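The structure appears below as structure tokens.
Naming convention: chains lettered A, B, ... in sequence-line order (proteins, then strands); numbering from 1 in each chain. Worth saying up front: this structure is predicted, and the values here are computed from it rather than measured.
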Amino acid sequence: MKLAKKECVVMLLAGGQGSRLGALTTKIAKPSVPFGGKYRIIDFALSNCVNSGLDTIGVLTQYQPLTLNSYIGDGKSWDLDRMYGGIQILPPYQRVADSEWYLGTANSIYQNINFIDQYAPEYVLILSGDHIYKMNYSIMIDFHKEIDADCTISVIDVPIKEASRFGILSSDDSGKIIDFEEKPKKPKSTQASMGIYVFKWSKLKKYLEIDDKTPGSSSDFGKDVIPLMLRANEKMYAYKFNGYWKDVGTIDSLWQANMDLLGENSFELSDDWIIYSRHAEKPPHYVGKDAVINNSIVSEGAVILGAVENSIIFSGVIIGENAVVRDSVIMADVEINKNCVINYSIIDEMVKIGANLKIGRPMGEDSEITVIPRESVINNMGGII
Amino acid sequence: MNALGIIFSDMRDWSMTELASHRSVAAIPFGGRYRLIDFPLSNMVNSGINKVYLITSSNYRSLMEHVGSGKDWDLSRKNGGILTIPPYSAGENHGLYQGRLDALKRVLDYIKSSKESYVVLSDSDMIYDINYNKVIKYHEEKNSDITAVYIKTDINKSDSIHKILYEFDEDGRADDILVYPVTNGNYNIGLNTWVMNKEFLESLIYDAIARNYKDFSFDVLSARVHSLRIYGYEYSGFFAHIDSLQSYYENSMKLLNMDTLKSIFYSNTGPIYTKTKDSAPTKYCKDAIIKNSLIANGCIIEGTVENSILFRDVKVGKNAVVKNSIIMQHGRISDNANINSIITDTYAFVNKDRVLLGYSNCPFFIKKNSVV
């Protein structure tokens with residue numbers, strides 16, 4: 001029996017290493033980097049999908065997928081354990097004629113044409129698993145349908161000095177894209193691609209096949225497929241997004257995005273657009289008699305006996321008596337013993353820090369963020385074991 | 001594990017008039033993010049029981065909403081899983097369950113159809129942490145008909161009237177059982193948890209039908225203490241019996257002790273599971289002051305919170321002061337309000353500048369959805 005087709009299939013690119021996140025991604029892929037007290041980065045894209053009514057998602061994995069695979073499981077944390085559709089992990093696989101790793105973002109979709117075809121969709125939504133934002137994709141898909149575009153790219157205004165980090169596009173008054181450059185040295189506009197594309201599946205399939213036969217192509221959406229379609233004069237439109245959006249590809253931007261959760265004019269997690277996640281069963285967090293907590297976020301299972309200021313405290317973190325944590329992101333199950341002083345740091349999961357230690361330099365003009373890798377044990381001798 | 005779990009959700013709602021006015025005892029919120037049912041249910045799941053019958057007589061809507069398909073306890077299964085059984089009128093059986101034994105009679109078909117060899121029966125108003133496998137092993141060793149879990153502790157007259165007391169001979173076999181007595185002293189208090197062989201339970205039920213018995217405590221335990229082999233399995237560890245507003249308050253406040261917290265939620269038996277809510281982590285604003293408190297996710301705190309328990313999604317406004325209080329989920333304490341020794345039920349709203357005072361031995365209770 002052939003089941004009803006899906007109007008739109010989502011392909012979530014989660015295979016990148018995220019090498020600019022350094023120690024945070026030596027053992028896990030970027031989309032599974034923890035964020036915001038209880039989430040992982042991929043929760044934002046997945047929750048956006050579910051909240052937008054999209055329930056058929058392929059997750060393309062390649063680099064260190066273990067944590068990501070077990071995190072996603074059968075998808076029930078996002079209500080994606082479905083009879084038909086739901087979430088599926090798509091690693092590279094072997095075929096009769098050839099087998100290769102995913103060479104680029106577009107190639108990873110090309111290698112999964114069969115997966116998409118089984119749902120016979122009209123549209124395919126391509127997402128990256130490494131951005132923090134809340135967005136209703138169904139509005140963008142409606143926009144795409146209304147103007148009958150072949151490809152719609154979501155864009156956001158960025159400061160001109162940062163523009164060369166992004167794919168920059170120029171569009172006419174109707175929103176039709178007239179120019180696209182991936183990471184240009186001299187950006188012509190400040191409209192940056194958010195790495196969110198809606199394609200007509202028939203068109204995308206055609207250009208993926210052309211790209212695959214193009215010698216020397218890096219099979220990347222931004223570098224190859226988008227310019228190829230633009231040269232062929234396909235109907236390509238920019239869709240303007242005005243909300244909060246952050247690429248958390250670097251240590252600084254990851255830290256900043258976490259800090260954006262604090263204060264009043266920031267990115268709000270507690271609203272009707274719920275971000276779902278999978279998390280361990282922990283009791284509420286306990287705050288001790290002498291604790292001080294100021295302008296911070298604290299998650300379940302944490303035990304705070306010391307002082308916490310301008311920081312993000314994940315679940316299961318223990319902060320000992322008289323310890324001070326300032327301007328820092330402390331990930332799940334970290335143990336900070338008494339009298340420690342932590343400044344301007346990102347401490348990855350399951351790190352143990354012995355008593356009376358100082359980590360990081362106070363935040364200032366010339367100080368850099370200190371990063372302590374997963375599962376490190378830092379003893380009283382000061383070294384990392 | 002080869003045991004069937006049966007949980008009674010509301011055997012004694014009459015003693016909990018405030019908290020159980022619109023929900024069964026099993027659905028009373030406790031410990032910042034749990035409901036009382038989570039404790040026996042998690043004990044069962046952590047002991048490897050994967051088939052549970054939840055027997056509930058009335059006021060069960062919030063309980064059913066909480067338990068749902070059972071997936072948060074890993075009990076949404078093809079084989080086993082959780083089944084909620086409210087009363088069902090057929091033949092001579094009408095109306096609400098009139099006690100544990102009456103309920104068991106009326107779910108006999110389900111008990112007969114299950115293939116497990118043992119049955120673990122539990123109420124929902126006790127909080128303790130146990131591995132039922134150990135009780136079953138002891139049950140086998142003693143070759144007993146019924147094994148009752150108990151704790152040895154001091155009680156006074158006001159709380160003895162909600163308890164079952166056991167006296168044992170040297171071998172540990174019960175030779176006297178007092179149901180709801182008025183007494184004080186050091187006693188073996190039943191935790192309202194019993195283990196039986198399933199076949200034996202079936203024979204008890206047939207007997208109860210023949211004699212029109214309805215009450216498990218009086219008609220079986222107390223009346224047949226000499227003819228049945230009833231043994232006691234001693235439990236030691238944290239124990240709380242939620243049988244009044246006062247005991248609810250006192251036992252909740254015990255969670256503000258790190259050792260108690262650890263013994264309940266980080267025990268070797270396993271975690272306590274509950275319904276997942278996906279609230280964001282709690283946000284503390286610039287002028288928040290917080291001391292000795294237990295805070296669930298989803299709260300936004302701008303004021304002062306001391307010696308208190310805040311459930312999920314509670315908001316405490318600017319300059320508001322919350323002391324010695326329990327604020328259940330979705331509670332709102334507005335700017336400049338000052339409350340002390342208060343229990344607010346879910347969705348309570350305390351307006352700006354209100355001052356509410358209870359006392360530690362007489363906490364003031366604010367009903368669900370109230371606006372103060």
Side-chain angles (χ1 to χ4, degrees), chain A residues 35-39 43 47 50 74 76-79 81 258 261-264 266-271 273-305 308-318 332, chain B residues 30-34 38 42 45-46 69 71-74 76 255-258 260-262 264-266 270-302 305-315 329:
Chain A
F35 178 83
K38 65 179 277 202
Y39 307 96
D43 289 330
S47 302
V50 174
D74 65 355
K76 75 173 172 185
S77 303
W78 302 267
D79 236 353
D81 50 336
N258 272 289
L261 299 171
L262 306 175
E264 278 172 15
S266 55
F267 183 48
E268 186 55 62
L269 288 171
S270 285
D271 58 18
W273 195 264
I274 293 172
I275 302 301
Y276 300 95
S277 67
R278 176 171 179 157
H279 42 95
E281 274 302 331
K282 298 259 172 71
H285 65 262
Y286 174 73
V287 183
K289 289 188 174 66
D290 303 314
V292 177
I293 306 180
N294 218 321
N295 194 38
S296 294
I297 274 181
V298 183
S299 195
E300 281 168 344
V303 173
I304 316 281
L305 305 178
V308 176
E309 211 178 295
N310 307 329
S311 295
I312 309 291
I313 311 296
F314 281 65
S315 64
V317 169
I318 297 173
Chain B
F30 186 82
R33 64 190 288 265
Y34 303 93
D38 295 335
S42 300
V45 170
N46 288 331
S69 67
K71 77 173 173 182
D72 289 312
W73 297 264
D74 229 357
S76 170
L255 300 179
L256 298 180
N257 173 306
M258 277 295 290
T260 311
L261 206 59
K262 273 186 195 157
I264 301 173
F265 296 110
Y266 296 98
I272 306 299
Y273 302 97
T274 190
K275 184 178 177 177
T276 310
K277 284 283 174 59
D278 289 286
S279 305
T282 282
K283 193 167 175 175
Y284 292 96
C285 301
K286 283 208 163 65
D287 301 317
I289 297 173
I290 174 115
K291 308 274 176 212
N292 192 40
S293 294
L294 196 63
I295 316 286
N297 270 357
C299 298
I300 297 178
I301 299 174
E302 298 179 90
V305 179
E306 264 179 51
N307 307 325
S308 295
I309 297 176
L310 304 194
F311 282 66
R312 288 186 275 209
D313 304 319
V314 167
K315 291 192 173 69
Q329 54 270 38

Given that the side chain runs from C-beta out, which part of [X] has a heavy atom under 4.5 Å from chain B: side chain, backbone, both or neither?
X	value
Leu261(A)	backbone
Tyr39(A)	side chain
Val303(A)	side chain
Glu309(A)	neither

What are the two closest heavy atoms between [X] and [Y], and how far apart are they?
X	Y	result
His285(A)	Ala296(B)	CE1-O, 4.5 Å
Val298(A)	Pro281(B)	O-CB, 3.6 Å
Tyr34(B)	Pro283(A)	OH-CA, 3.2 Å

Tell me which of these, [options], has more heavy-atom pairs under 4.5 Å with chain A than the rest.
options	result
Cys285(B), Gly298(B), Pro271(B)	Cys285(B)
Ile289(B), Thr274(B), Ile309(B), Asn307(B)	Thr274(B)
Thr282(B), Ile264(B), Val305(B)	Thr282(B)

Whatever's closer than 4.5 Å to a heavy atom in chain A on Asp313(B) counts as neither
Contacting moiety of Ile272(B), where chain A heavy atoms sit under 4.5 Å: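 The answer is the backbone of Ile272(B).
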Spatial distance of atom [atom1] ([X]) from atom [atom2] ([Y]) [nearest 0.5 Å]:
X	Y	atom1	atom2	result
Ile300(B)	Glu268(A)	CD1	CD	5.5 Å
Glu281(A)	Arg33(B)	CD	CZ	4.5 Å
Lys286(B)	Asn310(A)	NZ	CG	6.5 Å
Ser279(B)	Ile274(A)	OG	CD1	7.5 Å
Tyr284(B)	Asn295(A)	OH	CG	13.0 Å
Asn297(B)	Ile297(A)	CG	CD1	10.0 Å

Please tell me if the side chains of Tyr286(A) and Ile295(B) come closer than 4.5 Å, counting only heavy atoms from C-beta onward. no
Does CG in Asp287(B) sit with more than 12 non-hydrogen atoms of other residues, nucleotides or ligands closer than 6.0 Å? no
For Lys277(B), does the NZ atom sit with more than 12 other heavy atoms under 6.0 Å from it, leaving out its own atoms?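 Result for NZ/Lys277(B): enclosed.
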Apply side chain to side chain contact (heavy atoms under 4.5 Å, CB included) to the pair Val287(A) and Lys291(B), showing each step before the final yes or no. CA-CA 6 Å; Val287(A) 183; Lys291(B) 308 274 176 212; over 6 Å; no
